[in-house]
Amino acid sequence: MTEPDGAPVRLDVWLWAVRIFKTRSQSAEAVRAGHVKLGGVSAKPSAQVVPGDHIRVWKDHRYLEFEVTGTVRKRVGAPVARTMYVDKSPPPPPRDIFATLPVRDRGAGRPTKKDRRAIDRLRGF
């Protein structure tokens, strides 16, 4: 299952194999979109990952940070997958932050001038 001596593995394959993303196409799409940084730099899905690399992923509205400790080419079970990296992610933000965000009803039309100003204040403009 693990590659001998930490052989290089494609970035998108590694992210899928250690269960960061559910499908390989989702992992490749995230890498292409720039949501994944390898060593602090945007990379292509075909970039090679070796033990010791640092990966930063933007997923579910927060950053996840990993240090690669092992490489795999095939998807492995969760207990084995957790041994392939060290999770250095900051703790998730409190859930009440997401609950306080304003929500417009679907189909409510364009925002009014008052709504637009409130949105601009929220964004910091």
Side-chain angles (χ1 to χ4, degrees):
M1 292 226 189
T2 61
E3 294 301 313
D5 300 323
V9 177
R10 287 177 55 111
L11 178 58
D12 61 338
V13 172
W14 187 85
L15 290 168
W16 163 75
V18 297
R19 299 175 171 266
I20 307 301
F21 289 98
K22 194 177 257 189
T23 66
R24 183 169 171 199
S25 60
Q26 284 177 344
S27 68
E29 187 177 318
V31 175
R32 275 193 299 271
H35 298 299
V36 178
K37 308 274 189 227
L38 180 61
V41 180
S42 292
K44 293 182 177 181
S46 61
Q48 299 294 307
V49 175
V50 293
D53 284 344
H54 293 275
I55 298 173
R56 189 170 190 194
V57 179
W58 174 256
K59 184 179 176 199
D60 299 330
H61 303 288
R62 69 186 201 112
Y63 280 106
L64 305 173
E65 297 179 13
F66 306 102
E67 181 180 345
V68 179
T69 59
T71 55
V72 289
R73 289 189 194 275
K74 299 289 183 184
R75 194 163 169 98
V76 293
V80 176
R82 280 192 291 276
T83 65
M84 296 295 137
Y85 59 85
V86 176
D87 190 358
K88 297 185 174 187
S89 304
R95 289 188 179 262
D96 58 345
I97 289 176
F98 291 110
T100 60
L101 294 176
V103 178
R104 283 186 58 81
D105 294 330
R106 187 177 173 98
R110 291 178 55 179
T112 63
K113 195 171 197 177
K114 182 179 177 183
D115 292 339
R116 182 183 52 79
R117 287 180 177 158
I119 292 168
D120 287 345
R121 264 194 314 278
L122 180 68
R123 289 183 177 169
F125 297 120

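Since the model is a prediction, treat every value here as computed from it, not as a measurement.
Considering only residues two or more places apart in sequence or on other chains, R121 meets the side chain to side chain contact (heavy atoms under 4.5 Å, CB included) condition with R117, A118. Under the side chain to side chain donor-acceptor pair (under 3.5 Å) criterion, T83 pairs with no residue at all, not counting sequence neighbours. With sequence neighbours excluded, no residue satisfies salt bridge (charged side-chain N to carboxylate O under 4.0 Å, His left out) with R82. Every residue two or more places apart in sequence or in another chain was checked for a side chain to side chain donor-acceptor pair (under 3.5 Å) with T69, and none qualifies. With sequence neighbours excluded, no residue forms a salt bridge (charged side-chain N to carboxylate O under 4.0 Å, His left out) with E29. Here E67 pairs with K88 under the side chain to side chain donor-acceptor pair (under 3.5 Å) rule; sequence neighbours left out. Listed by chain and number, the residues in a salt bridge (charged side-chain N to carboxylate O under 4.0 Å, His left out) with D120 are R116 (sequence neighbours excluded).
Other members of the cluster containing Y63 are W58, with ILVMFWY side chains joined at under 4.5 Å, either directly or via other members.
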Acceptor/donor pairs from residues 37-53 side chains to any protein atom, 3.5 angstrom cut, sequence neighbours excluded:
from	atom 1	to	atom 2	distance (Å)
K37	NZ	G34	O	3.4
K37	NZ	S42	OG	2.9
Q48	NE2	S46	O	3.2
D53	OD2	V50	N	3.0

Only pairs under 3.5 Å count here: list side-chain donor-acceptor contacts from residues 9-21, not counting sequence neighbours, and write none if there are none.
from	atom 1	to	atom 2	distance (Å)
R10	NE	D12	OD1	3.1
R10	NH2	D12	OD2	3.3
D12	OD2	R24	NE	3.4
W14	NE1	G70	O	3.0
R19	NE	V76	O	2.6
R19	NH2	V76	O	3.4

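Between F66 and D87, the closest side-chain pair of non-hydrogen atoms falls below 4.5 Å. For the pair M84 and V72, the minimum side-chain heavy-atom distance is below 4.5 Å.
Evaluation of the ring-ring contact (aromatic ring centres under 6.0 Å, His included) test over residues 105-124, restricted to residues two or more places apart or in two chains, returns none.
In this structure, K22 NZ and S27 OG are separated by 13.5 Å, a value rounded to the nearest 0.5 Å.
With hydrogens and angles ignored, the 3.5 Å screen pairs no side-chain donor or acceptor of R56 with any backbone N or O of H35.
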